Amino acid sequence: MIKKFDKKDEESGSGSNPFQHLEKSAVLQEARIFNETPINPRRCLHILTKIIYLLNQGEHFGTTEATEAFFAMTRLFQSNDQTLRRMCYLTIKEMANISEDVIIVTSSLTKDMTGKEDVYRGPAIRALCRITDTTMLQAIERYMKQAIVDKVPSVSSSALVSSLHMVKMSFDVVKRWVNEAQEAASSDNIMVQYHALGLLYHLRKNDRLAVTKMLNKFTKSGLKSPFAYCMMIRIASKLLEETEGGHDSPLFDFIESCLRNKHEMVVYEAASAIVHMPNCTARELAPAVSVLQLFCSSPKAALRYAAVRTLNKVAMKHPSAVTACNLDLENLITDSNRSIATLAITTLLKTGSESSVDRLMKQISSFVSEISDEFKVVVVQAISALCQKYPRKHSVMMNFLSNMLRDDGGFEYKRAIVDCIISIIEENPESKETGLAHLCEFIEDCEHTVLATKILHLLGKEGPRTPTPSKYIRFIFNRVVLESEAVRAAAVSALAKFGAQNDDLLPSVLVLMKRCMMDSDDEVRDRATFYMNVLQQKQKALNAAYIFNGLSVSVPGLEKSLHQYTLEPSEKPFDMKTVPLATAPITEQKTEIAPVATSKLPEKLAPCRQDIYQEQLAAIPEFQALGPLFKSSEPVQLTEAETEYVVRCIKHAFTNHMIFQFDCTNTLNDQLLQRVLVQMEPSEAYEVLNYVPAPSLPYSQPGSCYSLVRLPEDDPTAVSCTFSCTMKYLVRDCDPNTGEPDDDGYDDEYVLEDLEVTVADHIQKVLKPNFGAAWDEIGDDNEKEETFALATVRTLDEAVNNIISFLGMQPCERSDKVPENKNSHVLFLAGVFRGGHDVLVRARLALADGVTMQVTVRSTDENVVDVILASVG
Amino acid sequence: MDSAAVEPSLYTVKAVFILDNDGNRLLSKYYDPELYPSMKEQKNFETNIFNKTHKADNEISFLEGMTIVYKSSIDLFFYVVGSAQENELMLMAVLNCLFESLSQMLRKNVEKRTLLDNMDGVFLVVDEIIDGGVILESDPQQVIEKVNYRCVSEQAYGFVLFDYITGNTEDQGEKRQLL
């Protein structure tokens with residue numbers, strides 16, 4: 001009784017939460033009353049509650065203090081107060097991992113579990129199994145078996161669920177209880193049925209036949225528990241997927257019959273299972289979609305959410321199947337739960353026809369300001385996808401996006417919008433001017449430096465080529481006056497591009513540049529001075545090289561080369577051509593907006609690949625005098641995927657040599673291969689200089705061997721060659737289990753597929769942001785032109801793709817996209833040939849019966865022009 | 001969110017927690033040791049969810065790759081968390097059972113003060129509904145019977161005081177009947 005007043009005092013002291021200012025040490029101190037006789041159940045109960053509360057709040061208990069409290073607690077088993085006993089079980093479970101010697105309570109728990117008080121039995125089983133390990137489990141096995149088939153549902157359920165937890169630890173013991181579980185499965189109690197089914201499945205899941213039998217039995221006898229039905233549906237759909245059984249199997253019929261179950265939970269589970277099945281036909285989907293459609297108008301938010309989320313998934317693969325639900329989905333756009341509304345909209349944007357886009361956009365704009373940024377990004381992404389589908393709708397989208405851009409929002413959201421606008425501009429030349437105007441307006445009041453610089457860069461690239469470039473100058477120069485250093489510097493670069501491209505603007509740009517030379521920031525001043533001097537020369541070549549098309553080298557490569565240069569001082573000036581080129585032109589990669597998380601990875605990884613090879617190769621002594629690595633090709637498979645040995649080749653091009661790297665994998669576990677090398681027989685005047693074998697190739701551990709080849713010096717046009725390759729090695733048979741090889745082995749060989757070296761292996765892709773300027777810069781000194789007829793090609797798209805992959809050059813000015821319904825196209829390609837010679841290709845294509853192609857090649861080196869033309873023909 | 005099939009398993013519930021109207025944890029259980037293993041991550045997760053859900057009573061949300069169903073009552077917020085592939089209605093069944101059981105046990109006074117006064121009962125109710133992530137019971141009536149807990153509520157003080165005055169401290173059983 002005293003406790004009651006204690007508690008009251010505490011409460012008045014600490015506001016509304018009696019547990020708010022609990023001190024662990026004080027509570028442990030209080031726990032000493034556990035040792036008092038007679039036991040005061042109410043006070044002890046209160047202290048146990050405090051201990052559990054503290055544990056729940058994340059309070060850390062040391063092993064000693066936990067053990068002490070635990071041992072004191074064991075005395076409380078003497079009391080017969082029900083709640084106190086139940087709290088003891090809870091404490092045992094909570095402390096099972098913190099306290100030592102918890103098994104001390106085993107006998108007390110075993111007593112409770114087999115005792116007369118049904119209230120104790122279930123919880124005691126669950127507590128006992130928490131502190132039991134495999135060896136002790138055998139001691140209580142008899143009781144567990146009895147408990148599983150006990151007629152009291154709570155006891156049976158507790159035993160089944162505890163057994164399930166124990167499966168992870170002692171599968172072999174629990175496996176012996178299958179018969180008991182089987183018996184429990186026919187219980188009348190719905191929860192026992194569910195738990196028994198779950199346990200049976202976990203025990204049998206590796207035996208497909210047994211699972212099938214079990215399913216058959218239960219589908220025939222019928223179950224009462226909706227939970228058990230959900231479980232059965234999951235098992236059935238997993239079986240269907242594994243066996244790749246046709247949809248006419250009884251399993252599918254069972255799932256479909258569940259669509260008519262009286263529990264919504266089961267109906268939804270069945271619908272969701274059907275929707276997730278691979279290669280489901282529209283006819284099979286129809287019943288599932290129609291129940292989901294019904295759920296869309298349910299008063300329960302969770303059901304609406306579940307339905308629309310599943311429909312959203314259907315829309316990805318079968319948009320037409322969802323069209324029937326469009327009306328219901330549109331009602332959900334105004335749902336008070338914004339998760340539901342957003343899902344409904346994104347689904348509609350996938351399924352809606354072009355004519356409904358306007359109306360939909362109107363509806364979205366009415367509520368877009370209410371939802372959180374995360375969902376806004378989802379909406380923007382949906383719009384972006386829609387723009388690609390219906391390019392003609394760009395004006396509606398653009399308006400909408402510009403409104404969104406004006407609203408408040410975080411960085412991610414704004415970036416998604418800006419990316420979306422930029423991609424629309426790139427896809428639709430007609431929308432360029434409106435898009436640029438919106439972006440100009442945006443940077444007038446933009447707090448995100450990254451976005452401002454990105455937009456300024458875009459203005460510099462696109463602005464000078466619009467009909468009225470002068471109107472952008474004001475927006476750009478405002479940035480110079482108002483913004484931070486990074487933005488000012490970007491603005492100066494953009495200005496320079498206007499000056500270089502438009503002669504009539506040049507005088508004004510020069511005036512502005514002069515002002516920028518007074519800037520307080522070093523970088524801004526440097527850029528202004530540099531551009532000022534370049535612009536004053538009024539030479540197209542200089543403009544092209546230094547203003548439009550910047551460096552195309554890889555930045556880490558440049559850093560490394562410069563470092564190397566400073567370490568070994570020499571008379572020669574530093575040569576830019578020795579620096580490896582950037583492998584992946586980053587700016588034009590994202591032709592479509594990928595989800596934010598995934599688009600970042602490839603950009604980071606791509607430039608590294610070649611650097612990694614460079615380092616690997618430099619570590620091999622034979623290859624040190626070759627100079628910098630020029631280009632590494634994508635891996636080429638030289639074997640079928642499922643052969644004894646899997647070999648793929650990567651071609652590394654150097655100035656005068658090539659290295660072939662063969663990545664070999666031995667898939668035979670009874671063989672150890674040693675001294676593995678790939679012998680190469682060239683068809684042309686290539687000379688194999690050196691082989692570097694892989695010393696040893698154990699089972700399934702990939703290894704690499706290399707071949708060094710010198711390119712023919714007297715004939716620079718010989719760029720393509722075919723090598724016949726044979727892998728040679730010493731085989732030592734070995735024991736598949738231990739991997740221990742026999743003492744002696746024998747030589748063997750394995751014929752690989754032929755390896756082709758093509759012109760693409762000698763050319764590195766380089767992006768020229770302004771192709772026209774680069775074209776003029778190289779000039780027509782080494783220009784050659786030829787016309788070809790591509791008889792086998794049927795469409796312009798196909799022709800463009802063929803040329804790009806054949807030459808291995810970078811398409812510029814988005815010329816790799818052929819506009820629809822045109823019968824002529826011009827493709828611009830840029831690259832650098834081995835040895836550092838720039839190459840530009842202009843291919844005019846015309847579609848008649850086949851495709852006629854007029855190729856013009858310009859390069860800084862005459863031989864290169866010949867090489868390209870020769871290889872095209 | 002897009003992984004096709006759900007591995008058939010009884011482990012449905014990833015976490016369950018009860019927060020007050022300032023987002024403080026009153027009770028929370030995490031059943032998947034891989035999900036937010038440290039206390040800091042757990043509390044972070046709870047704060048995030050609380051911030052996103054406490055303004056509107058929307059019943060269901062999708063956050064940090066988890067399906068979350070929730071319910072509020074006066075100054076309390078109840079959450080049940082499951083994986084993205086989980087059947088939302090199963091999670092709802094758990095949430096409803098938790099709420100109904102507590103509501104019955106606390107005699108419809110589902111508010112922070114009463115809840116904390118009967119914290120032992122709350123722990124037991126949660127323990128009866130979910131065991132290690134498996135739904136143990138979904139019927140509130142069954143839960144209440146199993147827990148068999150007597151509520152400490154304002155009316156009880158009268159009896160306690162009466163017992164105190166009359167010196168009747170022993171007979172717990174009789175008081176239970178009175179209540």
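What you see is a predicted model, and the numbers here were worked out from it, not measured in a lab. Chain A is the first sequence line, chain B the second, and so forth, proteins listed ahead of strands; every chain is numbered from 1.
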Would you mind telling me which of Thr83(A), Asp335(A), Leu164(A), Ile233(A) has the largest number of heavy-atom pairs within less than 4.5 Å of chain B? Leu164(A)
Quick check on Leu26(B) against chain A: is it the side chain, the backbone, both or neither that has a heavy atom closer than 4.5 Å? both
Top contributor to chain B interface from Arg130(A), Met87(A), His263(A), Gln57(A) [non-hydrogen pairs under 4.5 Å]: Gln57(A)
If you count heavy-atom pairs within less than 4.5 Å of chain B, which of Pro226(A), Gly58(A), Ser162(A), Ser158(A) leads? Gly58(A)
Part of Tyr89(A) within contact of chain B (heavy atom distance under 4.5 Å): neither
Top of Leu303(A), Leu90(A), Leu48(A), Val119(A) for chain B proximity - count of heavy-atom pairs under 4.5 angstrom: Leu90(A)
Spacing of Ser154(A) atom OG and Glu128(B) atom CD [to the nearest 0.5 Å]: 7.0 Å
Counting C-beta onward and ignoring hydrogens, is there a side-chain heavy-atom pair between Met39(B) and Glu59(A) closer than 4.5 Å? no
Plane angle bin for His202(A) and Tyr11(B) - parallel if under 30°, tilted between 30 and 60°, otherwise perpendicular: perpendicular
Measuring only between side-chain heavy atoms, which start at C-beta, is Tyr53(A) closer than 4.5 Å to Leu27(B)? no
Donor-acceptor under 3.5 Å (Asn337(A) side chain, Ile60(B) main chain): yes
Would you confirm whether Arg25(B), through its side chain, and Asn56(A), through its main-chain N or O, come within 3.5 Å as a donor-acceptor pair? yes
Would Lys93(A) and Asp131(B) pass as an ion pair if we require N to O under 4.0 Å? yes
Shortest non-hydrogen contact from Ser138(B) toward Phe227(A): OG-CE1, 3.3 Å
Looking at Asp120(B), is its backbone amide N or carbonyl O close enough to the side chain of His46(A) to form a donor-acceptor pair, meaning the two atoms are under 3.5 Å apart? no
Grab the two heavy atoms, one from Cys230(A) and one from Met90(B), that are nearest each other, plus how far apart they are. CB-CE, 4.1 Å
For the side chain of Arg86(A) and the backbone of Tyr149(B), is there at least one donor-acceptor N/O pair under 3.5 Å apart? no
Taking the side chain as everything from C-beta on, heavy atoms only, tell me whether Glu88(B) gets closer than 4.5 Å to Arg304(A). no
Closest-packed option against chain B by number of heavy-atom pairs under 4.5 Å, given Pro153(A), Ala306(A), Ala273(A), Ala302(A): Ala302(A)
Among the listed options Ile52(A), Leu199(A), Ile235(A), Leu197(A), the residue most often paired with chain B at heavy-atom distances under 4.5 Å: Ile52(A)
Any Lys/Arg nitrogen of Glu86(B) or Arg309(A) sitting under 4.0 Å from an Asp/Glu carboxylate oxygen of the other? no
Interchain contact, Pro123(A) with chain B, by part (heavy-atom threshold 4.5 Å): side chain
Using non-hydrogen atoms only, which part of Met265(A) is less than 4.5 Å away from chain B: side chain, backbone, both, or neither? both
